[in-house]
K.L.:
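Questions regarding the structure given below will be posed in turn.
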Amino acid sequence: MEMQEANQGSEVSPNQTIYINNLNEKVKLDELKKSLNAVFSQFGKILEVLAFKTLKHKGQAWVVFESAESASTAIAKMNGFPFYDKPMRIQFAKTKSDVVAKADGTFVPREKRKRHEEKGGKKKKEQHHDSTQMGNAMNSAYPGVYGAAPPLSQVPYPGGVKPILPEAPAPPNNILFVQNLPHDTTPMTVQMLFYQYQGFKEVRMVEAKPGIAFVEFADEMQSTVAMQGLQGFKILQNPMLITYAKK
DNA sequence: AGCACA
């Protein structure tokens, strides 16, 4: 008799959605989704990122890609990668995501679970959607910013690229200055990109100054290698601009 | 550990 029971149980066919668990449950949902979105968008267009705070679904998330190829690349590249101090565990999702089914035409609305009765009376305005819909960002005139685009009159530099003030560039050193990040980029996202380079020490960001980050390396040789490797790398369509930090 | 679609 041969060994014919292949992988017991863990048989899930490749599809557009990845299921991630072992996520750090202390991270706020909103930040988590933004980080996931930014980190995984390098593998292809993302249709939706879903995560829930209920007990049964804490520490887990679904990232729906436009293509199954993106999903498998994401698994190959990111499974086990440290994310908020815990290695992500990534698989294909077991069932088709609603966004996908809707695009398919195969979507059948499931019956509403009557478990949670809504609080009557107060209808709160759904001003902020909880689920990160990438369609919005992609169609936005303001890449990298979720939700509705601000009126054009308020957008000083469509495309999000800030002008670089003409000043003497800082001489090479061990700290990098990263600009043109989408405004809601999290330190974790930046860390994930620089982590792979030898000598990486830390990322520093200031909430009051969105769009920039400082990335410290042990020495200037190492920061230079990272700079060359990641110069222009796109996070949500924004190419990173990396220079040496002024000290 | 836990596979949903606020």
Side-chain angles (χ1 to χ4, degrees), chain A residues 5-41 43-139 146-148 184 188 236:
Chain A
E5 76 275 19
N7 356 346
Q8 42 194 47
S10 53
E11 196 77 13
V12 185
S13 47
N15 66 86
Q16 300 172 55
T17 305
I18 56 174
Y19 168 73
I20 309 169
N21 67 1
N22 198 43
L23 292 167
N24 190 327
E25 298 177 13
K26 281 172 283 192
V27 180
K28 289 183 301 299
L29 222 54
D30 191 51
E31 172 175 345
L32 181 72
K33 286 194 279 194
K34 281 172 181 163
S35 292
L36 288 170
N37 179 58
V39 159
F40 282 101
S41 66
F43 302 109
K45 184 172 178 187
I46 291 173
L47 302 180
E48 195 175 23
V49 175
L50 291 151
F52 311 90
K53 50 178 168 283
T54 55
L55 322 74
K56 187 160 179 249
H57 302 292
K58 277 176 10 178
Q60 302 154 76
W62 289 258
V63 176
V64 188
F65 288 97
E66 189 175 61
S67 85
E69 290 69 38
S70 299
S72 41
T73 313
I75 294 175
K77 289 267 172 58
M78 299 306 250
N79 188 29
F81 200 95
F83 190 66
Y84 295 102
D85 302 320
K86 300 185 68 179
M88 286 190 275
R89 296 275 126 80
I90 318 178
Q91 306 157 252
F92 288 108
K94 281 183 183 158
T95 58
K96 187 187 285 186
S97 299
D98 283 0
V99 259
V100 176
K102 279 170 184 160
D104 262 350
T106 61
F107 178 70
V108 337
R110 65 182 64 75
E111 54 179 285
K112 291 186 176 173
R113 37 185 60 176
K114 301 206 154 185
R115 300 291 292 170
H116 58 62
E117 63 275 11
E118 318 220 346
K119 303 253 166 141
K122 269 197 180 175
K123 274 203 174 177
K124 52 178 177 179
K125 288 189 177 177
E126 297 294 338
Q127 288 231 330
H128 74 304
H129 21 198
D130 209 24
S131 102
T132 304
Q133 299 278 359
M134 287 327 296
N136 292 345
M138 306 302 282
N139 298 333
Y146 304 123
D184 52 8
M188 179 53 59
L236 303 180

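Every heavy atom of this structure was used, including side-chain atoms; hydrogens, water molecules and symmetry mates were not. This one's a predicted model, so the numbers in the text were calculated from it and none came from an experiment. In what follows, every chain begins at residue 1, and chains take the letters A, B, ... in the order their sequences are listed.
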K.L.:
Choosing from B:dG2, B:dA6, B:dC5, which nucleotide comes nearest the side chain of A:T54?
P.N.:
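Closest nucleotide to the A:T54 side chain: B:dA6.
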K.L.:
Using atom types as modelled and distance alone, determine if a side-chain donor or acceptor of A:S35 lies under 3.5 Å from a backbone N or O of A:L32.
P.N.:
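Checking the backbone N and O of A:L32 against the side chain of A:S35, no donor-acceptor pair under 3.5 Å is found.
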K.L.:
Under 4.0 angstrom, heavy atoms only, what part of the nucleic acid is A:F92 near: base, sugar-phosphate, or nothing?
P.N.:
base
K.L.:
Hey, which of A:L236, A:N37, A:V64 is the one that makes side-chain contact (heavy atoms from CB on, under 4.5 Å) with A:I46?
P.N.:
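Among the candidates, only A:N37 passes.
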K.L.:
Between A:K86 and A:D98, which residue's closest nucleotide on DNA chain B lies nearer the 5′ terminus?
P.N.:
A:K86
K.L.:
Looking at A:T17 and B:dA4, is any side-chain donor or acceptor paired with a base atom of the opposite kind under 3.5 Å?
P.N.:
no
K.L.:
Rounded to whole Å, please give me the gap between CZ in A:F65 and P in B:dC5.
P.N.:
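It works out to 20 Å between those atoms.
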K.L.:
How long is the line joining CZ of A:F107 and P of B:dA4, in whole Å?
P.N.:
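Atom CZ in A:F107 sits about 14 Å away from atom P in B:dA4.
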K.L.:
Could you state the CG-P distance from A:L23 to B:dC3, rounded to the nearest angstrom?
P.N.:
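One finds 14 Å between P of B:dC3 and CG of A:L23, rounded.
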K.L.:
Base, sugar-phosphate, or nothing for A:K102, non-hydrogen atoms under 4.0 angstrom?
P.N.:
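If one applies the 4.0 Å heavy-atom cut-off, A:K102 turns out to touch nothing in the nucleic acid.
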K.L.:
Just to verify, what does A:K96 make a salt bridge (Lys or Arg N to Asp or Glu O under 4.0 Å) with, not counting sequence neighbours?
P.N.:
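A:K96 satisfies salt bridge (Lys or Arg N to Asp or Glu O under 4.0 Å) with A:D104 only.
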K.L.:
Is A:S67 reaching over with its side chain to a backbone N or O of A:S70, donor-acceptor style, under 3.5 angstrom?
P.N.:
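Yes.
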K.L.:
Whole Å only: how far is the CZ atom of A:F52 from the P atom of B:dC3?
P.N.:
13 Å
K.L.:
CD of A:Q60 versus P of B:dC5: gap in Å, rounded?
P.N.:
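After rounding, the reported distance stands at 12 Å.
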K.L.:
Taking atom P of B:dC3 as reference, at what distance in whole Å does atom CG of A:L36 sit?
P.N.:
18 Å
K.L.:
Send over the distance from A:Q16 CD to B:dA4 P, rounded to a whole Å.
P.N.:
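A:Q16 atom CD is separated from B:dA4 atom P by 18 Å.
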K.L.:
In this structure, how many angstroms lie between the C1' atom of B:dA4 and the NZ atom of A:K53, rounded?
P.N.:
14 Å
K.L.:
Should A:W62 be counted as stacked on B:dA4, where stacking needs a ring-centre gap under 5.5 Å and an angle between planes under 30 degrees?
P.N.:
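Whether judged by distance or by angle, A:W62 passes, so it stacks on the base of B:dA4.
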K.L.:
Is any N or O donor-acceptor pair between the side chain of A:E48 and the base of B:dA6 shorter than 3.5 Å?
P.N.:
no
K.L.:
Can you pull the salt bridge (charged side-chain N to carboxylate O under 4.0 Å, His left out) pairs that have at least one residue in residues 74-93 of chain A, sequence neighbours excluded?
P.N.:
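Not a single pair qualifies under salt bridge (charged side-chain N to carboxylate O under 4.0 Å, His left out).
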K.L.:
Has A:K56 got a side-chain N or O lying under 4.0 Å from the OP1 or OP2 atom of B:dA4?
P.N.:
yes
